[in-house]
Protein chains: 2
Amino acid sequence: MPTPTVENYLKALYVQPPAPGQQPTELIPMGQVAEAMRVSPGTATSMMKTLAEAGLVEYEPRAGVRLSERGLALALQILRRHRLIEQFLVQVLGLDWSEVHDEAEELEHAISDKVLERIDLLLGHPDTDPHGDPIPPSHGQPAHVELTPLSLAEVGAQVTVARVLDQQPDFLNFAHQHGLTPGSRLTVLAHQPAADAITCQPEGAPSLTLGTAAAGKILTLIEQTAS
Amino acid sequence: MPTPTVENYLKALYVQPPAPGQQPTELIPMGQVAEAMRVSPGTATSMMKTLAEAGLVEYEPRAGVRLSERGLALALQILRRHRLIEQFLVQVLGLDWSEVHDEAEELEHAISDKVLERIDLLLGHPDTDPHGDPIPPSHGQPAHVELTPLSLAEVGAQVTVARVLDQQPDFLNFAHQHGLTPGSRLTVLAHQPAADAITCQPEGAPSLTLGTAAAGKILTLIEQTAS
DNA sequence: TGTTCGCATTATCATAGACTAATGCTTGCA
DNA sequence: TGCAAGCATTAGTCTATGATAATGCGAACA
């Protein structure tokens with residue numbers, strides 16, 4: 001049984017974005033690990049050595065780490081727990097989507113497989129959590145869906161919000177207030193490169209201008225491109 | 001924030017039965033603490049010192065420990081979490097009462113007050129868990145109800161099972177199979193002191209002979225004494 | 001080609017919680 | 001009254017996880 005700390009490292013390694021243009025199987029530098037886990041670089045190095053000895057990662061000194069096959073399987077299992085718990089907290093207990101991330105962060109280490117599968121059943125085997133993040137199946141990889149950041153959607157396109165990447169409560173409250181939740185539809189009205197912004201029109205809510213950094217955190221499914 | 005380990009010690013101290021004829025405010029000897037927590041005596045001593053420094057217990061060397069006011073409040077809070085979670089696992093997720101104790105043992109340290117109060121609401125503010133153990137209110141002590149162990153009920157008495165003290169899955173399965181669950185009614189048929197046993201007749205189930213040790217773990221409410 | 005800067009690694013230390021083994025009280029009994 | 005038995009305490013060690021500080025490698029630029 002991995003400790004909660006080990007589980008958190010594995011999860012963090014899995015969700016590290018690959019450097020631009022790199023495959024997700026590339027090595028993650030130690031600095032990135034240390035920052036993701038908010039520990040000192042020395043702590044990150046020694047933990048990666050420990051995980052490597054346990055066969056959960058492949059560690060190349062001064063180059064970086066990547067998850068091993070076993071580490072990947074474990075990371076997916078933990079992510080499954082985390083996301084099912086989030087969905088449960090929203091659907092069954094009625095918590096707000098902005099507060100469930102931190103709750104799930106604790107519960108994911110305490111819940112048993114049995115309870116988890118009961119939750120899965122009660123929820124009807126959902127495949128995403130309240131933020132649109134895919135819930136990995138109990139075995140194997142989650143299905144890959146091609147999504148486009150709102151910041152890259154064409155002017156005139158009609159899109160459906162599929163996933164909101166930022167888990168910060170402030171951002172999630174903002175997104176909720178403006179109708180930017182998974183499933184809501186919107187039309188891209190304009191890009192303003194000079195202002196580093198994009199304007200869109202959510203269905204049933206006032207139009208809205210976002211910085212491209214914020215818009216990059218909203219992943220969408222393109223329903224209809226500009227004529 | 002106390003660590004999970006500290007929480008477990010406090011809970012264990014609270015549920016220690018007072019020595020026969022003693023007030024619950026009496027000192028608990030270290031050996032009893034060590035046994036309850038399944039740690040070595042040395043570990044118990046050093047932990048009690050730590051808890052005493054934190055103001056959670058009163059520790060008298062070579063005499064024993066008792067919970068301080070703060071320690072008692074914390075212990076009740078943890079017991080509330082534990083028992084509400086058990087009730088939730090049975091009522092909402094449909095787990096068996098024999099398996100929820102161990103699950104709750106983990107979850108009680110991970111759950112937030114917010115989630116707990118949602119669970120309490122969803123369950124309609126129950127006042128006992130699936131074993132009949134009282135759920136402490138969010139502030140203050142649980143109400144005291146006078147219960148009689150089945151082993152001490154008079155022959156001929158009609159009683160209602162109120163609480164099952166043993167949390168071992170084997171015992172709980174046995175009790176369930178024979179209709180000895182909280183709320184079920186039974187009549188005491190006979191005591192057999194020589195055989196160290198008691199025979200009773202659960203409503204709607206075959207009559208049953210139990211050892212007095214087992215019968216002592218079934219607490220009942222006397223509905224009607226023998227004529 | 002050499003030097004420097006940024007990052008990684010090593011070394012040392014701290015804390016919580018556990019263990020075992022050795023020592024020390026205390027009490028009851030002869 | 002004195003001593004043995006039974007607990008409790010102390011002392012020293014271990015593991016997991018963190019920190020800080022000092023050292024070391026390597027790549028980019030002059």
Side-chain angles (χ1 to χ4, degrees), chain A residues 1-13 16-22 26-66 71 74-75 78 105-106 108-110, chain B residues 1-13 16-20 22 26-67 71 74-75 78 105-106 108-110:
Chain A
M1 279 280 94
T3 63
T5 307
V6 167
E7 292 188 344
N8 284 334
Y9 275 93
L10 295 176
K11 197 168 40 127
L13 291 175
Q16 283 317 294
Q22 302 233 310
E26 289 307 308
L27 293 167
I28 300 163
M30 297 314 289
Q32 198 175 330
V33 175
E35 198 187 344
M37 290 299 297
R38 305 164 145 282
V39 296
S40 66
T43 302
T45 297
S46 78
M47 196 63 190
M48 290 308 103
K49 284 187 180 181
T50 304
L51 295 187
E53 274 175 30
L56 297 170
V57 301
E58 290 157 25
Y59 167 59
E60 298 181 19
R62 295 183 189 277
V65 277
R66 73 168 70 85
L74 253 174
I78 299 150
E105 207 60 33
E106 294 298 317
E108 68 189 7
H109 306 297
Chain B
M1 280 279 95
T3 64
T5 305
V6 167
E7 292 186 346
N8 285 334
Y9 276 93
L10 295 176
K11 197 167 42 125
L13 292 175
Q16 283 317 294
Q22 303 233 313
E26 288 309 305
L27 292 168
I28 300 162
M30 297 313 290
Q32 197 176 331
V33 175
E35 198 188 342
M37 291 298 296
R38 306 162 145 281
V39 296
S40 67
T43 303
T45 298
S46 78
M47 197 62 191
M48 290 308 103
K49 285 187 178 180
T50 306
L51 295 187
E53 273 175 29
L56 297 170
V57 301
E58 289 156 27
Y59 167 59
E60 297 181 19
R62 295 180 189 279
V65 276
R66 74 168 68 86
L67 288 170
L74 252 175
I78 298 151
E105 208 60 31
E106 293 298 318
E108 69 190 6
H109 307 296

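To find a chain, count down the sequence lines: A is the first, B the second, and so on, and within it residues start at 1.
Summarising the geometry, the separation between CD1 on A/I28 and P on C/dC7 is reported as 17 Å, rounded to the nearest angstrom. The nearest whole Å value for the distance from the CZ atom in B/R38 to the P atom in C/dC19 is 11 Å. Atom CD of A/Q32 and atom P of C/dC7 are 12 Å apart (whole Å).
As judged by a 4.0 angstrom heavy-atom cut-off over every strand, B/T45 is placed among the base-contacting residues. Among the protein residues, B/G42 comes within range of the nucleic acid bases, having at least one heavy atom under 4.0 Å from a base atom.
For the contact set between residues 48-63 of chain B and DNA chain D, defined by any heavy atom under 4.0 Å, the members are B/K49, B/Y59, B/P61, B/R62.
The two residues B/L67 and B/A75 come nearest to each other via the heavy atoms CD1-CB, 4.2 Å.
Of the inter-residue distances, the one linking B/E26 atom CD with B/Q16 atom CD reads 14.5 Å to the nearest 0.5 angstrom. Distance CD/A/Q32 to CG/A/L27: 11.0 Å, rounded to 0.5 Å. Between A/E7 atom CD and A/I78 atom CD1 the span is 4.0 Å, to the nearest 0.5 Å.
Across the interface with DNA chain D, nearest-nucleotide mapping of A/P4 and A/S40 shows A/P4 to be the residue nearer the 5′ end.
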List the atom pairs, with distances to 0.1 Å, where a side-chain N or O of residues 56-65 of chain A and a protein N or O form a donor-acceptor pair under 3.5 Å, not counting sequence neighbours.
| residue | atom | partner | partner atom | Å |
| --- | --- | --- | --- | --- |
| A/E58 | OE1 | A/R66 | NH1 | 3.1 |

Show which side-chain atoms of residues 33-43 of chain A pair as donor or acceptor with protein atoms under 3.5 Å away, not counting sequence neighbours.
| residue | atom | partner | partner atom | Å |
| --- | --- | --- | --- | --- |
| A/S40 | OG | A/T43 | N | 3.4 |
| A/S40 | OG | A/T43 | OG1 | 2.9 |

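Side-chain contact between A/E105 and A/K11 is present, with heavy atoms from C-beta onward closer than 4.5 Å. Within the 4.5 Å cutoff, the side chain of B/T3 has no heavy atoms near those of the B/H109 side chain.
Mapping heavy-atom proximity under 4.0 Å, the span of DNA chain D touched by chain A runs 5' to 3' from D/dT17 to D/dC25.
A/S46 has no side-chain polar atom (N or O) that falls below the 4.0 Å cut-off from OP1 or OP2 of C/dT9.
In the helix from C/dT1-D/dA30 to C/dA30-D/dT1, the terminal helix axes, each the rotation mapping four pairs' C1' atoms onto the next four within five end pairs, subtend 30°, rounded to 10°.
Listed by chain and residue number, nothing satisfies the salt bridge (Lys or Arg N to Asp or Glu O under 4.0 Å) test with B/E106 (two or more places apart in sequence, or in another chain).
Here the options are B/E53, B/M48, B/K49, the test is side chain to side chain contact (heavy atoms under 4.5 Å, CB included), and the partner is B/L51; only B/M48 passes.
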Are B/N8 and B/E108 close enough, and set up right, to give a side-chain contact (heavy atoms from CB on, under 4.5 Å), and what steps lead you there?
CA-CA 10 Å; B/N8 285 334; B/E108 69 190 6; 3.5 Å; yes
